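Please read the structure below before turning to the comments.
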Amino acid sequence: LASVDNEAATTAIYTDKTGTLTLNQMTARELVTHGRTWHVTGEGYEPTGTIGDDGEELPEARDVLLPVVLCSDAQITADGELKGEPTEGALLVVGMKAGIDPNEARGRYPRTNAIAFDSSRKYMAPFHTRDDDEPVVLVKGAPSVLLDWCVTWWGDAGREELTEDVRGRIHDEIDALSRQGRRVLAVASRALDAPVDPEALEDDLVDEVRDLHLQAGGGIVDPARTEADEAIDRCRSAGIPRKMI
């Protein structure tokens with residue numbers, strides 16, 4: 001009876017979102033590259049799914065997504081558990097869906113230094129050395145910042161110049177994802193003339209973040225729990241207002 005009294009006296013429900021209404025498993029749903037938006041299937045941190053659109057698979061997927069994997073510090077265990085930040089986990093998994101083994105990639109392209117993420121910069125930038133000893137800087141962050149520094153991108157014919165017209169179209173694609181409630185990140189890269197000093201300070205490395213090649217933009221979402229819709233509908237039918245905090 002006490003429970004019934006409490007339910008009858010409910011005037012509103014205020015609920016947390018992450019992990020309550022959602023799975024707390026950030027998932028990449030779209031990739032913006034090669035002049036279009038590609039859909040990503042699969043849920044959570046299981047590396048199963050496809051990257052394509054209307055039956056067409058993302059071309060050069062490994063080349064596009066290898067920097068995405070290397071820009072992530074997260075790890076996915078054998079039983080599908082995430083160790084690290086959920087957003088980085090989503091980026092890692094989308095690379096795994098393209099057939100990239102994160103451990104192998106990190107072994108072949110060791111990180112030599114990094115600019116850590118900072119809210120004022122709105123990006124992070126690890127430095128790596130490739131198999132052929134060609135150093136590279138990778139940049140992950142807000143598209144509004146990275147796009148201004150990109151000079152080339154993955155176009156229909158491969159690497160192409162990033163013109164102002166194309167830059168505007170990419171901004172439109174990313175804005176469309178944002179309006180759908182997606183968290184949007186971009187990843188870019190640039191080959192360096194020489195390796196950076198492993199002992200160099202972050203402020204000394206900032207000048208290397210320029211003349212970038214845009215790899216991809218990603219739309220990420222935290223999927224809703226399957227039971228959330230029914231619970232919200234039952235509250236609505238009972239006349240109970242719902243507020244998400």
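Only this structure's heavy atoms are used, side chains among them; waters, hydrogens and symmetry mates stay out. Treat the numbers as computed from the prediction; the structure is a model and nothing was measured.
A side-chain donor-acceptor contact under 3.5 Å links Arg167 to the backbone of Cys150. For Asp16 (side chain) and Met244 (main-chain N/O), no donor-acceptor pair under 3.5 Å exists by modelled atom type. Checking side-chain atoms of Lys97 against main-chain N and O of Thr41 turns up a donor-acceptor pair under 3.5 Å. With hydrogens and angles disregarded, a donor-acceptor distance shorter than 3.5 Å links the side chain of Arg190 to the backbone of Arg210. Between the Ser72 side chain and the Ala74 main chain, a donor and an acceptor come within less than 3.5 Å of each other.
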**OP:** Starting from the C-alpha separation in whole Å, work towards a yes-or-no answer on side chain to side chain donor-acceptor pair (under 3.5 Å) for Thr152 and Glu161.
**Re:** CA-CA 4 Å; Thr152 59; Glu161 178 186 358; over 6 Å; no
Original post:
Step by step, would you call Arg36 with Glu56 a salt bridge (charged side-chain N to carboxylate O under 4.0 Å, His left out)?
Top reply: CA-CA 12 Å; Arg36 56 198 286 193; Glu56 181 182 355; 3.0 Å; yes
Subject >> Chi angles and distances behind the side chain to side chain contact (heavy atoms under 4.5 Å, CB included) call for Ile115, Val206 >> reply: CA-CA 8 Å; Ile115 300 173; Val206 170; 4.3 Å; yes
Original post:
When you look at Tyr123 and Asp118, which way does the side chain to side chain contact (heavy atoms under 4.5 Å, CB included) test go after all the steps?
Top reply: CA-CA 7 Å; Tyr123 71 86; Asp118 181 271; over 6 Å; no
**OP:** Assess whether side chain to side chain contact (heavy atoms under 4.5 Å, CB included) is satisfied between Val64 and His34, documenting all intermediate values.
**Re:** CA-CA 10 Å; Val64 172; His34 287 76; 3.6 Å; yes
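A salt bridge links Asp233 with Arg236; the closest basic N to acidic carboxylate O contact falls under 4.0 Å. The pair Lys140-Glu88 meets the salt-bridge criterion, with a side-chain N (NZ, NE, NH1 or NH2) lying under 4.0 Å from an Asp/Glu carboxylate O. In this structure, Arg169 pairs ionically with Asp165, as a charged nitrogen and a carboxylate oxygen lie closer than 4.0 Å. Using a 4.0 Å cut-off between a side-chain N of Lys or Arg and a carboxylate O of Asp or Glu, Asp73 and Arg111 qualify as a salt bridge.
By the 4.5 Å heavy-atom criterion applied to side chains, Leu92 and Ile76 are counted as neighbours.
Distance check, rounded to the nearest 0.5 Å: NE2 of His128 to OH of Tyr109 gives 11.0 Å. Within the model, atoms NE2 of His39 and CD1 of Ile51 stand 13.0 Å from one another, a figure rounded to the nearest 0.5 Å. Distance CG/Asn113 to CD/Glu208: 11.0 Å, rounded to 0.5 Å. With rounding to the nearest 0.5 Å, the separation of CD1 in Ile240 from OG1 in Thr11 is 9.0 Å. Between the CG atom in Leu201 and the CG atom in Asp203 there is a gap of 7.0 Å [rounded to 0.5 Å]. One distance of note links CD1 of Ile174 with CZ of Arg179; it measures 12.0 Å at 0.5 Å rounding.
Hydrophobic clustering places Leu65 together with Val40 (ILVMFWY residues linked when any side-chain heavy atoms are closer than 4.5 Å, directly or through intermediates). Hydrophobic clustering (side-chain heavy atoms under 4.5 Å, transitive across Ile, Leu, Val, Met, Phe, Trp, Tyr) groups Trp149 together with Leu192. Val139 and Ile220 sit in two unconnected hydrophobic clusters of ILVMFWY residues. Membership requires side-chain heavy atoms under 4.5 Å apart, directly or through other members. Under the 4.5 Å side-chain contact rule for hydrophobic residues, Val68 and Tyr45 share a cluster. Linking Ile, Leu, Val, Met, Phe, Trp and Tyr residues whenever their side-chain heavy atoms come within less than 4.5 Å places Val196 and Val209 in a single cluster.
Minimum interatomic distance between Pro67 and Leu138 (heavy atoms only, all atoms of both residues): CB-CD2, 3.8 Å. Of all heavy-atom pairs spanning Pro47 and Val93, the tightest one is CA-CG1, 4.0 Å. Closest heavy-atom contact between Ile100 and Ala105: CG2-CB, 4.2 Å. The two residues Pro223 and Val221 come nearest to each other via the heavy atoms CD-O, 3.4 Å. Closest heavy-atom contact between Val187 and Cys71: CG1-SG, 4.3 Å.
In summary, the side chains of Ser189 and His213 do not present any donor paired with an acceptor at a separation below 3.5 Å, with no hydrogens or angles considered. Residues Thr15 and Arg242 bring no donor and acceptor atom of their side chains to less than 3.5 Å of each other.
Heavy atoms of other residues, nucleotides or ligands lying less than 6.0 angstrom from CD of Glu57 number 12 at most. For Asp193, the CG atom is loosely surrounded, since the number of other residues' heavy atoms within 6.0 Å does not exceed 12. Under a cut-off of 6.0 angstrom, the local environment of CD in Glu230 is sparse, with at most 12 non-hydrogen atoms contributed by other residues, nucleotides or ligands. With a 6.0 Å radius and a threshold of 12 heavy atoms from other residues, nucleotides or ligands, Glu160 has its CD atom above the threshold.
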In residues 19-33, what donor-acceptor pairs under 3.5 Å come from side-chain atoms, sequence neighbours left out?
residue, atom, partner, partner atom, Å
Thr22, OG1, Lys17, O, 3.4
Thr22, OG1, Gly19, N, 3.1
Thr22, OG1, Asp222, OD2, 2.6
Thr27, OG1, Gln25, O, 3.0
Thr27, OG1, Gly44, N, 3.0
Arg29, NH1, Gly42, O, 3.3
Arg29, NH2, Glu43, OE1, 3.3
Arg29, NH2, Glu43, OE2, 3.1
Glu30, OE1, Arg182, NE, 3.1
Glu30, OE2, Arg182, NE, 3.3
Glu30, OE2, Arg182, NH2, 3.0
Thr33, OG1, Gln215, O, 3.1

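At least one test fails for Arg159 against the ring of Trp153: distance under 6.0 Å to the centre or angle within 45° of the axis.
For the side chain to side chain contact (heavy atoms under 4.5 Å, CB included) with Val151, the qualifying choice from Leu212, Leu214, Leu162, Asp211 is Asp211, the only one to do so.
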